[in-house]
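See below for the structure under consideration.
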Amino acid sequence: MRTLGVNSRLKPFGATIFAEMTALAVKHGAVNLGQGAPDFDGPDFVKEAAIKAIRDGRGQYARMTGLPELTAAIAARFEKTSGLSYEAERDVVVTCGATEAILDCMLALLEPGDEVILFEPFYDSYTASVAMAGGVAKVVTLEAPEFRIDEHALRAAITPKTRVMLVNSPHNPSGQILNDAERAAIVRIATEFDLILISDEVYEELWYETKHRTLATEPGMRERTIVLGSLGKGFSFTGWKVGWAIAPAPLAAAVRSAHQFASFCAPTPLQAAAATALAAPDSYFEGFRAEYRGRRDRMVQGLRGCGFDCELPAGSYFALANHASFGFADDFAFCRHLVEHGGVAAIPPGAFYRDKSKAKSLVRFAFCKRDSTIDAALERLLKYRARFMSGEFSGGLAHAASL
Ligand code: PMP
Ligand code: GLN
């Protein structure tokens, strides 16, 4: 009988860490700061728009490329934040979350064996998407604790087969935002080697002191860049899975060729509501950012008080902390012990590296949570720290390390 199960392209990826940690959080009744999903609802005016769209009978497939009012709203919002104007009908594709857009890009752009530059740590769907499309990931490491692009390392990864470079800023999981030197290096490399740039900007609304700027505004980049966005992040509706790609006509057409067979369209009423969301006044986005700045400061200050080293992230809703003072062998051991004995779920950032042992002393906490959730997690972390300091876990550490 034929072997049943997953093929060789997907086999190496196993189960995504987000499903695994969420299941452990449920099992142990933990406060969940793992998966980047808000524990509060998105704004009422957006929910009302979705309800209205359902009541109005908008229950059939949307236009394949995206509901006309949504593609227009995406182009209008992007023009407002970037100054770049795109033709909504031609240059925007609405997808089932940015996750589908990433896969569509790879399926549409890569010939078998084509190489894609990825920077690790990365959102775990990147490598899987490249593999599903028959491409080859060439991974450049952003070295901790700065997580900045090293142009020499980047150059060394380029070969005649390199076709695409995928960049993410604001960055998951480090919270870093590209600086001018990195932006200039990206422009130099993309131009010199004639690469297509995929710029994953799903956290575009989540910046704090340094304003996010799309890479498409850099000289010569617009013509070769696909910008990815998601309603999930800026409007706290991760479960709606409404995402998009914005690109010059030939690239948008390519993404569309994969999208039409991958999902055909994202859910119609949610697309209608997304159009309402993106037309929100500036005050919505300012309030959103101010609330997140408060959550970030609360989380980071609290973590520091519990024995973690932690920088303030420049963007995103993740705090990447150092747990070295707890004495665990690695991030997976720490996260498994913490969820079971401390009642807090976090993500081991090794899951964002090709070599999973590269983030041994790091742990990622998501702070897209109510203040009361952050406080409850911090209270548990403080108790966990106290039990650790009293030596209670010393026998358990060796065991946890071998799990
Ligand atoms: N890119 C990055 C960097 C992410 O963290 C995520 C997270 N969820 C996505 C893309 C996917 O977004 P979506 O939920 O819209 O599929
Ligand atoms: N990107 C989200 C995170 O990093 C999770 C997305 C998912 O669960 N696939 O937490």
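Whatever order the structure lists them in is the order used to number ligands and atoms, beginning at 1. This structure is a prediction, so every number in the text was calculated from the model and none was measured.
- Using cut-offs of 30° and 60° for the angle between ring planes, the Tyr123 and Phe18 rings count as tilted.
- Side-chain N/O atoms of Lys358 and Thr141 include a donor and acceptor closer than 3.5 Å.
- Considering both main-chain and side-chain atoms, Gly36 comes within under 3.5 Å of ligand 2 through a nitrogen or oxygen pair.
- Side-chain contact check for Glu115 and Thr159: at least one donor-acceptor pair (N or O, by modelled atom type) lies under 3.5 Å.
- What sits closest to atom 1 (N) of ligand 2 on the protein, heavy atoms only, is Tyr123 CE1, 3.4 Å.
- Atom 8 (O) of ligand 2 has as its closest protein heavy atom Gln35 NE2, 2.6 Å.
- No donor-acceptor contact under 3.5 angstrom links the side chains of Ser316 and Asn172, judged on distance only.
- No side-chain N or O of Ser174 forms a donor-acceptor pair with one of Arg364 less than 3.5 Å apart.
- Proximity of Ile177 to Trp207: side-chain heavy atoms (C-beta onward) are separated by under 4.5 Å at one or more points.
- Ionic pairing of Lys52 and Glu48 is not present here: no N-O contact between side-chain nitrogen and carboxylate oxygen is shorter than 4.0 angstrom.
- Of all the heavy atoms of Lys241, none lies under 4.0 Å from any atom of ligand 2, so neither backbone nor side chain is involved.
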Dump the pairs for me: ligand 1 N or O, protein N or O, distance under 3.5 Å, to 0.1 Å.
residue, atom, partner, partner atom, Å
ligand 1, 1 (N), Asp200, OD1, 3.4
ligand 1, 1 (N), Asp200, OD2, 2.5
ligand 1, 5 (O), Asn172, ND2, 2.8
ligand 1, 5 (O), Tyr203, OH, 2.7
ligand 1, 8 (N), Lys233, NZ, 2.6
ligand 1, 14 (O), Lys241, NZ, 3.4
ligand 1, 15 (O), Ala98, N, 2.8
ligand 1, 15 (O), Ser230, OG, 2.7
ligand 1, 16 (O), Ala98, N, 3.1
ligand 1, 16 (O), Thr99, N, 2.9
ligand 1, 16 (O), Thr99, OG1, 2.6
ligand 1, 16 (O), Lys241, NZ, 2.7

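- For the residue pair Arg58 and Thr268, no side-chain donor N or O sits within less than 3.5 Å of a side-chain acceptor on the partner.
- Here Asp124 has no heavy atoms under 4.0 Å from ligand 2, in either its backbone or its side chain.
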